[in-house]
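Report on one structure; see the data block that follows.
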Amino acid sequence: MAVELTTPSVLPTLATRLSQRRDLVTEVPGPESRNLHDRRTSVVPRGVISSLPVYAADADGGIIRDVDGNSFVDLGSGIAVTNVGASAPTVVAAIREQAEHFTHTCFMVSPYESYIRVAEELAELTPGNHAKRSVLFNSGAEAVENAVKIARLTTGRQAVVVFDHAYHGRTNLTMALTAKTMPYKSNFGPFAPEIYRMPMSYPYREENPNLTGAEAALRAIDQIEKQIGADSTAAILIEPIQGEGGFIVPAPGFLPTLADWARSNGVVFIADEVQSGFCRTGAWFASEHEGVVPDLITMAKGIAGGMPLSAVTGRAELLDAVHPGGLGGTYGGNPIACAAALASIDVMREHDLSGRARAIEALVMGRLRALSDDLGGEQGPIGDVRGRGAMIALELVKPGTRKPDPEITKAVASACLAEGVLLLTCGTFGNVIRLLPPLVIDEELLLDGLDVLEAAIRAAH
Ligand SMILES: *Cc1c(COP(=O)(O)O)cnc(C)c1O
């Protein structure tokens with residue numbers, strides 16, 4: 001009988017084109033990246049920033065290869081977009097096949113089947129078994145804008161409730177919906193009216209650590225009733241797990257209590273799952289973890305393997321209330337993006353990427369919690385480890401306090417980059433390291449990335 005000598009791997013290995021190994025062959029950034037950066041500064045404004053100074057040449061599985069031939073471990077997925085990888089073969093084939101027939105006709109001019117198939121998939125995959133309709137757009141912000149349009153039209157009310165630390169996009173309406181001023185809103189006003197911001201459930205930073213999710217929801221509901229009135233409230237818009245705001249997972253009970261109140265008061269409950277959707281959190285949608293059935297759900301990032309596509313899916317009676325011509329856009333539901341979405345959804349299903357995300361959670365959480373304990377637990381630099389599935393964050397603080405430490409956060413991210421690990425930061429206070437590996441990442445590569453992160457945190461501490 002064979003004796004098992006090593007820990008059995010929990011993530012089945014998937015075939016890849018690029019070798020899934022971290023490999024630095026030049027300094028970082030290398031000469032080609034530096035050259036591109038010089039050219040960029042003469043033609044691209046500084047308002048568009050890049051988190052990382054290396055320019056991509058190729059990407060596959062959990063690897064991004066730069067123009068100097070360096071291979072980096074990708075722990076960002078282009079902000080939770082390439083859940084199925086950045087060049088999944090079946091997605092690439094679907095894109096190529098569609099492009100050889102037509103790149104665009106405009107669904108509002110001469111429609112095509114793939115748009116309908118995406119809508120059929122979304123009706124099946126999103127929470128709830130009521131009749132649903134879906135409308136497709138290009139970006140997350142566009143989906144959120146349209147969800148608000150639909151909620152206002154169907155309720156005949158104007159007020160939209162959003163939360164502290166929320167991120168919903170950069171267009172005029174979605175800037176107003178977003179919480180953080182710098183860099184998203186500063187000096188870009190005036191902003192859209194009738195937006196009301198309520199306190200979020202943020203367990204790590206709650207003044208009363210025993211506050212339950214239901215109590216945190218009632219705190220917000222009390223403010224809604226006092227400041228707006230239920231009968232003036234069109235919608236509650238919330239990320240089930242906040243993304244840019246710091247991967248904030250509300251206390252259990254928070255989302256269901258808000259959703260129940262919305263239902264009882266004729267308020268449309270909109271889940272913004274642009275970042276948390278498509279297997280990222282270990283389920284098709286993060287709302288499912290607490291059995292929440294949103295009236296409308298906005299989706300984008302992970303939907304189409306990197307192609308620009310977004311959607312609003314929701315109750316048929318809400319979407320059908322909009323007059324003909326009231327929803328749409330030239331590129332919305334582009335046929336190549338639809339083909340990529342259908343192929344990506346197949347990959348998610350076939351390889352059970354939700355199950356993979358849960359296995360990634362078990363691996364990563366175990367490692368990070370052990371590291372946190374080893375560095376002093378609550379008294380150490382890692383104030384909080386949180387998240388679900390492959391959407392995991394470390395909140396870094398000055399040891400012995402809850403004071404955010406954005407400097408150490410930046411130092412850790414740069415140290416990882418220098419060692420060949422690409423990771424992103426986030427959070428209202430700039431002190432959160434977020435891990436968003438492609439869900440297809442190779443187990444050894446992921447563990448290698450975690451080793452580098454651990455060493456960087458120990459060194460910076
Ligand atoms: C990224 C994001 C958006 C905006 O999506 P874009 O495609 O960048 O417009 C909206 N909501 C959430 C939760 C996001 O993470």
Side-chain angles (χ1 to χ4, degrees), residues 47-51 76-83 126 135-149 151 160-180 183-185 188 192 195 197 200 202 235-250 255 269-281 284-287 292 294 296-314 329 331-334 337 340-341 344 387-393 424-428 432 434-436:
V48 184
I49 59 162
S50 302
S51 315
S77 300
I79 321 186
V81 169
T82 53
N83 295 3
T126 52
V135 56
L136 306 182
F137 304 99
N138 304 289
S139 67
E142 213 185 342
V144 171
E145 291 241 358
N146 279 278
V148 170
K149 279 166 64 173
V160 178
V161 168
V162 290
F163 291 84
D164 287 332
H165 312 288
Y167 181 83
H168 298 292
R170 295 172 177 267
T171 57
N172 187 265
L173 175 59
T174 58
M175 270 194 294
L177 299 167
T178 290
K180 193 176 178 179
Y184 308 123
K185 303 167 75 162
F188 291 134
I195 312 288
R197 193 167 308 285
M200 180 63 186
Y202 188 165
I236 291 180
L237 167 65
I238 189 163
E239 301 153 86
I241 296 179
Q242 290 183 318
E244 303 307 300
F247 282 24
I248 300 163
V249 186
L255 296 170
F269 186 83
I270 309 172
D272 182 355
E273 296 241 21
V274 166
Q275 189 154 164
S276 56
F278 293 97
C279 307
R280 174 55 59 186
T281 67
W284 282 98
F285 295 97
S287 300
V292 169
L296 298 176
I297 174 161
T298 55
M299 294 157 268
K301 295 192 167 97
I303 191 172
M307 294 298 287
L309 186 72
S310 67
V312 178
T313 295
Y331 293 111
N334 169 273
S344 299
R388 277 191 204 277
M391 185 171 184
I392 294 176
L424 306 173
T425 61
C426 65
T428 299
V432 175
R434 56 168 150 178
L435 303 181
L436 287 168

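As the structure lists them, so they are numbered: ligands from 1, and atoms in each ligand from 1.
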Pair Glu244 + Arg434: basic N to acidic O under 4.0 Å: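 Yes, charged N to carboxylate O under 4.0 Å.
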Every pair of nitrogen or oxygen atoms between ligand 1 and the protein that is under 3.5 angstrom apart - can you list them with their distances to 0.1 Å?
residue, atom, partner, partner atom, Å
ligand 1, 7 (O), Gly140, N, 2.8
ligand 1, 9 (O), Gly140, N, 3.4
ligand 1, 9 (O), Ala141, N, 2.8
ligand 1, 11 (N), Tyr167, O, 3.4
ligand 1, 11 (N), Asp272, OD1, 3.4
ligand 1, 11 (N), Asp272, OD2, 2.7
ligand 1, 15 (O), Gln275, NE2, 2.9
ligand 1, 15 (O), Lys301, NZ, 2.7

Set of residues satisfying salt bridge (Lys or Arg N to Asp or Glu O under 4.0 Å) with respect to Glu239, sequence neighbours excluded: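 Expected list: none.
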With Ala176 via side-chain contact (heavy atoms from CB on, under 4.5 Å) - residues at least two apart: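 Ala176 satisfies side-chain contact (heavy atoms from CB on, under 4.5 Å) with Phe191, Ala192, Ile195 once adjacent residues are dropped.
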Donor-acceptor pair between Gln242 and Gln275 side chains, under 3.5 angstrom: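 Side chains of Gln242 and Gln275: no pair found under 3.5 Å.
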Contacts of Thr178 that satisfy side-chain hydrogen bond (donor to acceptor under 3.5 Å, both in side chains) - sequence neighbours left out: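 Not a single residue meets the side-chain hydrogen bond (donor to acceptor under 3.5 Å, both in side chains) criterion with Thr178.
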Phe285/Phe278 under ring pair (Phe, Tyr, Trp, His ring centres under 6.0 Å): CA gap, chis, key distance, verdict: CA-CA 6 Å; Phe285 295 97; Phe278 293 97; 5.2 Å; yes
